[in-house]
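Structure first, then comments.
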Amino acid sequence: MRYGRLLACAAVLAGLISAAVPATAHHSFAAEYDGSKRLTLKGKVTKVEWMNPHAFFYIDVKDDQTSAVTNWAVELGSPNSLMRLGWSRTSLKADDLVTVQGSAAKDGSKQVNASTVTMTDSGKRMFAGSSETTTPTGR
């Protein structure tokens with residue numbers, strides 16, 4: 001009987017602890033991005049965030065017509081999937097010049113889910129571990 005109470009208390013305690021841990025939502029590609037709205041962005045890296053569930057980096061993109069500069073968020077795959085594709089934490093650094101191909105955000109925000117990232121100086125093209133369900137086509 002005493003063992004049963006101890007077990008019940010432990011279960012309640014475990015439940016309370018797990019409820020206190022914040023849960024983060026993870027949305028599918030189709031929920032956030034439009035695969036039919038392909039973009040090619042060229043710009044300078046301003047920030048890199050190498051973290052789960054997805055790595056992000058940010059680039060300043062200059063509009064050729066207005067000369068206005070806009071900062072875009074670029075979503076990549078998880079750090080684990082990027083490492084399997086040959087990336088490392090130092091693959092991208094602030095001030096690197098890159099060309100990004102990917103899909104635009106459905107909500108019109110300045111965010112893109114990258115399929116490829118090409119380093120301007122070396123021409124090295126890397127797949128971005130995108131959560132898009134189709135294979136990158138290089139469009």
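The first residue of the sequence shown is numbered 1, and numbering continues consecutively from there.
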Nearest-0.5 Å distance, NZ of residue K110 to CG of residue L39: 9.0 Å
Flag side-chain contact, heavy atom, 4.5 Å: W72 against D60: no
Short side-chain donor-acceptor distance under 3.5 Å, T116 and Q101: yes
Donor + acceptor pair across side chains of R125, T99 (<3.5 Å): no
Cluster link W50 to V100, ILVMFWY, side chain under 4.5 Å: yes
Inter-residue atom distance T46.OG1 - Y58.OH, 0.5 Å rounding: 8.5 Å
Nearest atoms (heavy-atom pairs only) where G86 meets S91: O-OG, 4.5 Å
Pairwise side-chain contact, D95 with V45, heavy-atom cut-off 4.5 Å (strictly under): no
Chi angles and distances behind the side chain to side chain contact (heavy atoms under 4.5 Å, CB included) call for S67, K62: CA-CA 6 Å; S67 296; K62 184 177 178 182; 3.8 Å; yes
M126-L85 co-clustered via ILVMFWY side chain contacts under 4.5 Å: yes
Spacing of N71 atom CG and K47 atom NZ [to the nearest 0.5 Å]: 9.0 Å
Residue pair P79 / A55: nearest heavy atoms and the distance that separates them: CD-N, 4.4 Å
Under the side chain to side chain contact (heavy atoms under 4.5 Å, CB included) test, residues paired with D107 that sit two or more places apart: A105, S109
Rounded distance (nearest 0.5 Å) linking atom CG of L82 with atom CG of L76: 5.5 Å
Side-chain donor-acceptor contact under 3.5 Å, S103 with D34: no
Minimum-distance pair of heavy atoms, taken over all atoms of A128 and V117: CB-CG2, 4.5 Å
Interatomic distance, N113 atom CG to H54 atom NE2 [nearest 0.5 angstrom]: 8.0 Å
Any V98 side-chain heavy atom under 4.5 Å of L92 side chain: yes
Reported CD-to-CZ distance for the pair E75 and F57, which is rounded to 0.5 angstrom: 11.5 Å
Single-linkage hydrophobic cluster, 4.5 Å side-chain cutoff, V61 and M119 together: yes
